[in-house]
Structures are given as structure tokens and as C-alpha cells.
Amino acid sequence: MNYTQSTALEMARAIREGKVTSPELVQAAKARIEDVDGSIRAMTALDWEAAMRRAEEVQARIDRGEDMGRLAGVPMAIKDNICMRGLPAACGSKMLLEFNPPYDATAVDKLQGAGAVIVGHTNMDEFAMGSTTETSFHGATHNPWNLQKTPGGSSGGSAAAVAACELPCALGSDTGGSIRQPAAFCGVTGFKPTYGAVSRYGLIAYASSLDQIGPLARDAADCAAIYDIIHGKDVHDATTVDSVCGALDALDGGICGLRVGVPEEYFAKGLDEDVRARVLETAETLKGLGAQVENFSLGMVKYAVPAYYILACAEASSNLSRFDGIKYGYRADEAEDIVSLMSRSRTEGFGKEVRRRILLGTFVLSSGYYDAYYVKALKVKALIKQAFDAAFAKYDVILSPAAPTTALGIGQSLSDPLKMYLGDIYTVSVNLAGLPAVTFPCGFDRDGMPVGAQLIGPAHGDKTVLRAADAFQRATRFHKMTKGGAL
Amino acid sequence: MDERTLEYIAELSRLALPQEEKAELLAQMQQILDYMELLGAVDTEHAEPLIQAAGLKNVFREDVVQPSYDRERLMANAKKKLDGAYQVPRTVE
């Protein structure tokens, strides 16, 4: 039997039942990647020898009757900005091209402890700053549904690898939609947990108050299974909190009486007609399952993107000041003094979009502009959070599109950064307010490209959004339509 | 934003902007900053700046000595080293 189109939970069950072994699944993933990744380019680093050794170890423990958990033996990948010893983590940048992480990220540590077999890194926009996975120093990743289109970003490699059935699931990171938007563009399920639910230790920082690690997978059940493993308080990340667990066991298909709010502003001008139609059909499906769906006005919607880019760039300019060419990363040759060593290393090591965001961030934090931009954005962020708090007094979840369009063509957005930023309108406010949200396939547009819907929950409502997405998937088959065959 | 401000910001950011990129960058930055002006329309008089959404305050841990990572391993990523230390150009005469 061919398992490449199976979910992670199905693979793990087949291993436990003795129908297949973990090394066999790793071999199958290797064959599939060798077969199709030449045209997709989702993977940036692979270590099959280590993966096979690991798979054999896990298999031996399972054979001895050890209970290693629900995903033991399953091959998966992690985004190029998540650290794992022995696997170069380049963050899609020339700056970190030869960086060998000296330690494992907490999420990696937890996955490995649960028997997962991590085979490699997936491609991403440089330092996670982009919505297309085109700014990577490794080159662009292509969308498995149409190779002329981008997979979205920044976790485009993780989304494309799952969509092309190279692997059942992968970790991504989400600062302003970087898990949810590529998941939507590639027809897979992507989950951004509540801020603080998953440790950021070992995630190469972009904007620390917004960054969160999460899964991309075939369905909400796989996302819940991964979340159950990687979440939790961590001494290495003081922003983590004791969070809800047992997400997988909470998936009972029951959403009768679930109160679903649909923000009117999210369906205003600028939204593609096909995307609008598919998301409204999703509302009808949820209604058919017993949910109470109601339109409402969320407020503050048009201020989310400008507030987000001020805050994300400000934090990026501070976080990326660590790249000085000395301790790690790219170092320019023959600089005559220390300042020119730093400037030249940074100018030669960072790509255009990263430099642009560092400059913007430095500007909004500089004397004379700090209050007008940075502090103002922090106050707007407070008002955005209040708007969500008010909404969640009335609703259990909010339904929205994942993005205003389906996947764009390669090369279409790079020349106009502002246009690219505006594409983040439905995702960035979730990060500003620290909320959990899941995107999942809900149909196709006129060109056969996947459309994604998003369900947003209140802080620590991770189980609720996963349960609602899972209920939708029990009633539909969009998540079963994969690019599993020839590409 | 004018070219002088851009150069000042670049200096603060420790970035050396190639001359041929400056005009395009200035135009893009100005366009983005103009868009950010939208926030001027929001009444924030009674809003407090929200640093992080989780609302955590004073997170403590036990003050116990923990083993650090191995020095060799941490320094392995540096391009230039001398006698177990990072090597940089001369900083004092």
C-alpha cells in the first residue's frame, strides 16, 4: 500500500498495527521527494541517513511494545528557521547559509521525544519576511497545484511539501499569517496556536511578540495531534503559559449551537469573488451542522495591516541587530574596522526585503518618530484586541477568508511591497491580538486553485477552532483532494 | 522621508545602501509610511500601549545554576577565532 497520501495519524496507526514500518515510510517519503521536489523545491536541507537511523530506533522501541504516542514513527519536516542539531538552518538567507544550530528548538525536542522522524528543513521567505516564498536565498518554491504560482509564504515550503504529498505534515511559523496563508494557497490545513502556547525557543526570531510555531498538515486532526505534542510551558521561553491540552481528544464532530460570527468588513471590496463565494458556502455548511451563524461588524479592520507592519518591522530591526558577522552567520572579507565589518556583512548577507524591513523598523523606533509610529501602533493594537474581546463575548469563533485571493503567479508581487502587505489583511490582526486560528481548504476558484477559510478563536480557544475545522472536514472532502499523483 | 533621513537610518541599522538602490527604496519607504498614516485617524487618547497580548507580568524562575552549552559548539559557527575567542578587526589603537 502507498501511504504518501495518508494523514500523519493514519501513518502512525498503520505502524502500530504492524502494517508498515517507520523506515519504510521514510523511504517512501524519500522516493516521493526525489520524484517531485525537483519541480516544487519545497525542501532546503535533507539528512536521510540520520532520518533512517532515527526511524529504526523508533521502530525498535515500538516493536518492544513501548507506547511512544500517537505520531510515533511518522516522517515530517520543519521550517528552515527552526533549529535542530545536525541540520543547517539558513532561515532562507545568505546570512545563515552555513549556520549549524548548536541546540534543538523545544518544539523539535518534544516532537522527537514523541517519536517523530524529522527528515529536513522546508523553504521560506528570507527571515520569514514575505508572503510568497520567493525571497529565499535557496530560490523560489512552486505551488504543487500550478507550478507557475507561488505557494504563499512565508512557510511556503512546509505547505507545498504537504500539498505535494512529500510528507504528511511539517512545522511552520506564523508572525502575520505565515502558516495560515500558505496552507490556504496550497489546499492544506494550517494552525497558529494562541500566543504563548508553543515555545519559541530555537525559532529564529522575526517579531518576538507575534511569532508562534504551529503545524501544517492534511487535516485539523493532524494539527491537533501535533499541537498536543509541542505545546506547553517552557523554562527557555518566559512568554509561554500553561495551555490547554487534549486537543485531539476534543475533536468529536459536534458543533451544534456553536456561535459563529462573520465580520462584514472582511467581505468588503478587494475580496476575490470566488473566495467570497467559497467562504460563504463554508458558513452554510457550518450552519447545516448546527452552528448559529451571524454577520456582525468587528471594527478596526483597516488599521490592522499598518499597525502590524510598524510593530513587526520595529521588532525585526531590534532582533536582527544580532547579525554582526562575528559570532555566526555571513562575514564580509577584509573589512578595515569593526563598523564596516558589521555594515558590509549585513548589507551583503541580507536580501532586499529584509533590509527594507530593518530600515522601516529603525525609522519607526528612531528619536522623533517613536511616539508617532511605534507607540501609536501599540495603542491601535490594544484597540484591535478590544474589538476581538467584544466579538468573543458574543461568538465562539469568527469565520473569515484566509486571504483576499488565491495563490498569485510567481514574480507578481515582488515589485510592489505595499500590495503584498495588503494581502495580509485577514491574518495579521490575529497575531496582534495573540489569538489561535486555523485555515483549511473550502473549495476551488475558477482556475482550480484551492481557497482557504479561516476560523479564529479567543485566546486559549485552540481546541474550539480545531474542533470546528474538524467538524467541517468530517462533512466535506476538500482536504482529501491532494496533488498526490504526477506533477 | 528624504535621502538624508534614509542615510541616517541606514547608519543606525548598520547597513551600507548601494547608491543605485536608494531612489527605489526611498519611493517604496515613502509609499509604506504614507499608508501607515492611516493610523492618525484612530482616536487613541484613552488607549494604553499594548506591548504583548498575553498580558503576562513578572515571570520568575528559580535562581539555580544550570550547565551552559559547550563553548566549542557555540563558537563553531564563527568564521574567525583566535585562542578560543571571536576575532574582530582592531577596535582600539
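In what follows, chains are A, B, ... by sequence order, proteins preceding strands, each numbered from 1.
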>> Go through it in stages, so that I can follow the logic: the residues are Leu74(B) and Tyr328(A), the test is side-chain contact (heavy atoms from CB on, under 4.5 Å), and I'd like the CA-CA distance, side-chain angles, deciding distance and then a yes or no.
In response: CA-CA 9 Å; Leu74(B) 289 178; Tyr328(A) 39 74; over 6 Å; no

> Picking from Glu48(B), Met36(B), Met75(B), which has the most non-hydrogen pairs under 4.5 angstrom with chain A?
Replying inline: Met36(B)

> Where does Arg344(A) contact chain B at under 4.5 Å (heavy atoms): side chain, backbone, both or neither?
Replying inline: neither

> With chain B, which of Ile310(A), Leu341(A), Val375(A) has the greatest number of heavy-atom pairs at distances under 4.5 Å?
Replying inline: Ile310(A)

> Can you check side-chain contact (heavy atoms from CB on, under 4.5 Å) on Arg355(A) and Leu15(B), steps first, answer last?
Replying inline: CA-CA 8 Å; Arg355(A) 288 192 310 235; Leu15(B) 289 169; 4.0 Å; yes

> Picking from Thr5(B), Leu33(B), Leu12(B), which has the most non-hydrogen pairs under 4.5 angstrom with chain A?
Replying inline: Leu33(B)

>> Let's go through Asp416(A) and Gln31(B) carefully: what are the C-alpha distance in whole Å and the side-chain angles of both, what is the deciding distance for side-chain contact (heavy atoms from CB on, under 4.5 Å) to 0.1 Å, and is it a yes or a no?
In response: CA-CA 10 Å; Asp416(A) 190 347; Gln31(B) 192 196 10; 4.0 Å; yes

> Can you say whether Ile338(A) sits under 4.5 Å from chain B via the side chain, the backbone, both, or neither, judging by heavy atoms?
Replying inline: both

>> Pair Arg90(B), Asp337(A) - check side-chain contact (heavy atoms from CB on, under 4.5 Å), show working.
In response: CA-CA 7 Å; Arg90(B) 178 186 292 273; Asp337(A) 59 57; over 6 Å; no

> What residue, out of Gln386(A), Lys352(A), His460(A), Lys376(A), has the most heavy-atom pairs lying under 4.5 Å from chain B?
Replying inline: Lys376(A)

>> Between Lys379(A) and Glu45(B), does any side-chain N to carboxylate O distance fall below 4.0 Å?
In response: no

> Which answer fits Thr44(B), side chain, backbone, both or neither, if we ask what part of it has an atom under 4.5 Å from a heavy atom of chain A?
Replying inline: both

>> Using side-chain heavy atoms (C-beta onward) and a distance below 4.5 Å, is Tyr35(B) in contact with Val305(A)?
In response: yes

>> Is Lys381(A) in contact with chain B via its backbone, its side chain, both, or neither, using a 4.5 Å heavy-atom distance?
In response: both

> What part of Leu39(B) gets closer than 4.5 Å to chain A, counting heavy atoms only: side chain, backbone, both or neither?
Replying inline: both

> Does the distance from a Lys or Arg side-chain N to an Asp or Glu carboxylate O, for Glu24(B) and Arg356(A), drop under 4.0 Å?
Replying inline: no

> Most heavy-atom pairs under 4.5 angstrom with chain A, which of Ile51(B), Leu50(B), Val88(B), Leu56(B)?
Replying inline: Leu50(B)

> Are Ile32(B) and Tyr309(A) side-chain neighbours, meaning at least one heavy-atom pair lies under 4.5 Å?
Replying inline: no

>> Counting heavy-atom pairs under 4.5 Å with chain A, which one of Leu25(B), Val59(B), Asp43(B), Ile9(B) comes out on top?
In response: Ile9(B)

> For the candidates Glu37(B), Lys80(B), His46(B), which exhibits the highest count of non-hydrogen atom pairs separated by less than 4.5 Å from chain A?
Replying inline: Lys80(B)

> Do you know which of Ala78(B), Pro49(B), Ala54(B), Ala76(B) has the most heavy-atom pairs under 4.5 Å to chain A?
Replying inline: Pro49(B)

